[in-house]
Amino acid sequence: MNKEILNELYRHKLTLLTDLYQLTMAYGYWKSGLYDRSAIFHLYYRKQPFGGPLAISCGLQPAIEYLQQLSFSTEDIHYLGRLKGADGQALFDESFLNYLQRFRFRCDVDAIPEGKVVFPNEPLLRVKGPLLQAQLVETALLNIVNFSTLIASKAARIRLAAAGDSVIDFGLRRAQGIDGALSASRAAYIGGCQATSNVLAGKLYDIPVRGTHAHSWVMSFDSEPEAFTAYSKAMPNNCILLVDTYDTIQGVRNAIQTARELRQAGHEIIGIRLDSGDLAALSITARGMLDEAGFANARIFASDSLDEHKITALKTAGARIDGWGVGTRLVTGKGQGALGGVYKLAAIQNAQGQWEDRVKLSENPIKTSNPGCQQVRRVLIDGQVQEDIIYDLLEPLKKPLPAGEDLLVPIFREGQLVYNIPSIHDKREQTKEELSLFNRLVDGDYKVSLENGLAKRKALLIQQKRGAQQKA
């Protein structure tokens, strides 16, 4: 089920979801006559999130929806016309605003599909088209792709730690605002979560929803057994009982009694949830009690500030937990506040229509960008991933690249969508398949390199730019 979620969520177009300097640069390009010159930008990140070996590409579909609606409304133009410079005069002149009112997106966009394993310095997305247009979309694309990729990568780490157990996104109440919650639930599902507690995300994105009850349910009754019985009668086909409101072991005993009553009525308890205390020891004890009482199929779920590290520690301690409700540390990307993705100019056509490489220099080598029109070749031998090679589509190769998969695929051509968007469930399966391909990785184990010709051109360009700076 694919639909335009951004348009459904927001009444206003998101064209002004940008930094002011994108518009001031656009104005400068327009005034300088450079606005229609073709340019190439790449969106990528520099460091692997959470110190791990890989990341999961995410956010392409909302980025597509943003680009599809990209135009300036009459209200947008009126607002921009009211902006003032330091001298109190209009920031933009009327002829530029008239140009913006006629603006229509007509760039080519290529991207790595959602759910693919990606690495630092690989372009997740490439925009090729008029300089003004390709520049203008920078901020929104970074906003969308950075956060989604961060959370999908965190979810993938948690999924790997859970080792086949179900993982449910419980993060809505602690997420960074409404949009942060929706984006996180979507990305968490693509990254590997089985379901979400976020009902609006379930409706909008077709994600399975799951939920139990809170401590307040138990506290609303005179006793825990009464609360459990009432819940089982209200939800006989969705009965998971939270057992730690007062005393966890007694809570398990009370849950077993309710499970017997439920069975007599023709239903089976799904399981119990632990939300505090020594989860490993409590789960071991609870498992024994449930099995002895004849409820071997009853599952034990756990919550309580979980992440990949805590899940790993609990499994090492022998915890008998079947499912994990992961909240705050998932949807906020605990351990890394942001992905740190960037969007850099890599090539531009000169007045004669010839492509010229561009590179950003830095004293910090990690911040030096790559030039050219980049594609990523994932080398496969006998179905096994070997390495990624970044090469330039505009330059002939001196020798053929090894066989493999080119990761960036066409999304837009001259502003028209040419990509068939997979379902969110297909994207989640893509992540699952990718993680199985890369399950042998440890940090720094996978090789990503520039094709030899591109590497030499980059080195020469750096030398030329530094020499020019010194002469200046």
Side-chain angles (χ1 to χ4, degrees), residues 29 33-46 57 60 63 67 105-113 116 118-138 141 145 341-361 367-379 387-419 447-466 468:
Y29 293 142
L34 297 175
Y35 68 101
D36 217 23
R37 189 167 293 183
S38 291
I40 298 171
F41 287 79
H42 298 101
L43 188 157
Y44 62 97
Y45 65 96
R46 294 172 173 140
S57 177
L60 177 58
L67 293 172
F105 184 68
R106 49 190 177 88
C107 291
D108 293 348
V109 179
D110 294 74
I112 297 179
K116 296 288 285 185
V118 290
F119 297 93
N121 299 310
E122 296 182 342
L124 306 185
L125 188 144
R126 183 178 69 239
V127 180
K128 177 184 176 185
L131 176 59
L132 183 152
Q133 297 198 8
Q135 179 76 69
L136 186 65
V137 299
E138 172 184 3
L141 291 179
V145 174
V342 294
Y343 186 86
K344 297 299 179 186
L345 177 67
I348 189 169
Q349 284 187 334
N350 60 25
Q352 290 73 45
Q354 298 169 323
W355 284 103
E356 295 181 351
D357 288 335
R358 291 292 187 267
V359 64
K360 177 198 176 297
L361 301 184
K367 289 192 172 183
T368 299
S369 62
N370 293 324
C373 182
Q374 298 162 34
Q375 174 62 280
V376 182
R377 171 69 56 86
R378 179 153 292 164
V379 179
E387 63 174 321
D388 285 3
I389 301 172
I390 302 171
Y391 70 98
D392 189 348
L393 291 170
L394 298 180
E395 289 292 322
L397 299 173
K398 292 186 178 179
K399 66 176 184 177
L401 293 174
E405 174 190 12
D406 283 348
L407 298 188
L408 284 91
V409 301
I411 307 298
F412 287 91
R413 287 295 178 264
E414 296 185 356
Q416 298 300 308
L417 183 66
V418 297
Y419 179 64
K447 182 181 178 183
V448 178
S449 61
L450 295 182
E451 181 269 331
N452 287 337
L454 180 56
K456 290 177 181 177
R457 280 173 41 220
K458 178 182 177 180
L460 180 60
L461 187 59
I462 291 172
Q463 184 180 17
Q464 291 172 344
K465 293 298 181 184
R466 283 187 174 151

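Heavy atoms only: backbone and side chains are in, while hydrogens, waters and symmetry mates are out. As the structure is a prediction and not an experimental result, all values here were calculated from the model. Residue numbers start at 1 and run along the sequence shown.
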Test of understanding: with side-chain hydrogen bond (donor to acceptor under 3.5 Å, both in side chains), list the residues that count as partners of Glu138, not counting sequence neighbours. Gln22, Gln135
So for atom NZ, which belongs to Lys360, do other residues, nucleotides or ligands contribute more than 12 heavy atoms lying within a distance under 6.0 Å? yes
Are the side chains of Leu407 and Pro113 in contact, using a 4.5 Å heavy-atom criterion? no
Salt-bridge criterion met for Asp357 and Lys465 (N-O under 4.0 Å): no
I need the Leu450 CG to Asn370 CG distance, nearest 0.5 Å. 4.5 Å
Quick one: CZ on Arg37 to CG on Asn350, what's the gap to the nearest 0.5 Å? 7.0 Å
Reported CZ-to-CG distance for the pair Arg466 and Leu461, which is rounded to 0.5 angstrom: 10.5 Å
Can you tell if the side chain of Tyr419 reaches within under 4.5 Å of the side chain of Leu60, non-hydrogen atoms only? yes
Ring geometry between Phe412 and Phe105 (parallel below 30°, tilted from 30 to 60°, perpendicular above 60°): perpendicular
Can you check side chain to side chain contact (heavy atoms under 4.5 Å, CB included) on Ile40 and Trp355, steps first, answer last? CA-CA 10 Å; Ile40 298 171; Trp355 284 103; 3.7 Å; yes
Name the atoms and distances for all side-chain donor-acceptor pairs under 3.5 Å in residues 120-131, with sequence neighbours left out.
unit_1	atom_1	unit_2	atom_2	d
Glu122	OE1	Phe119	N	3.2
Arg126	NH1	Gln374	O	2.5
Arg126	NH2	Asp110	OD1	3.3

Neighbour count >12 (heavy atoms, 6.0 Å) for atom CD, Glu414: no
If I compare all heavy atoms of Cys373 with all of Asp392, which pair ends up nearest, and what's the gap? N-OD1, 3.0 Å
Note: Glu387 and Ser449 closest approach over all heavy atoms is OE1-OG, 4.1 Å
Residues which pass ring-ring contact (aromatic ring centres under 6.0 Å, His included) with Tyr45, listed by chain and number, not counting sequence neighbours: none
Indicate yes or no for a side-chain donor-acceptor contact from Glu451 to the backbone of Ile389 under 3.5 Å, with no hydrogens or angles considered. no
Taking all non-hydrogen atoms of both residues, which atom of Pro371 and which atom of Leu454 are closest, and how far apart? O-CD1, 3.6 Å
CG-OG distance between Leu361 and Ser369, expressed to the nearest 0.5 angstrom: 7.5 Å
Hey, what do you get for CG (Asp406) to CZ (Arg378), rounding to the nearest 0.5 Å? 11.0 Å
For Gln349, does its backbone N or O pair with a side-chain atom of Ser38 as donor and acceptor, under 3.5 Å? no
Least distance between heavy atoms, Tyr343 atom then Leu141 atom: CE1-CD1, 4.2 Å
Could you go step by step and tell me if Arg46 and Val342 meet the side chain to side chain contact (heavy atoms under 4.5 Å, CB included) rule? CA-CA 8 Å; Arg46 294 172 173 140; Val342 294; 3.6 Å; yes
So, taking the atom named CG in Leu397 and the one named CZ in Arg377, what distance separates them when rounded to the nearest 0.5 Å? 8.5 Å
Donor-acceptor pair, side chain of Gln133 and main chain of Arg106, under 3.5 angstrom: yes
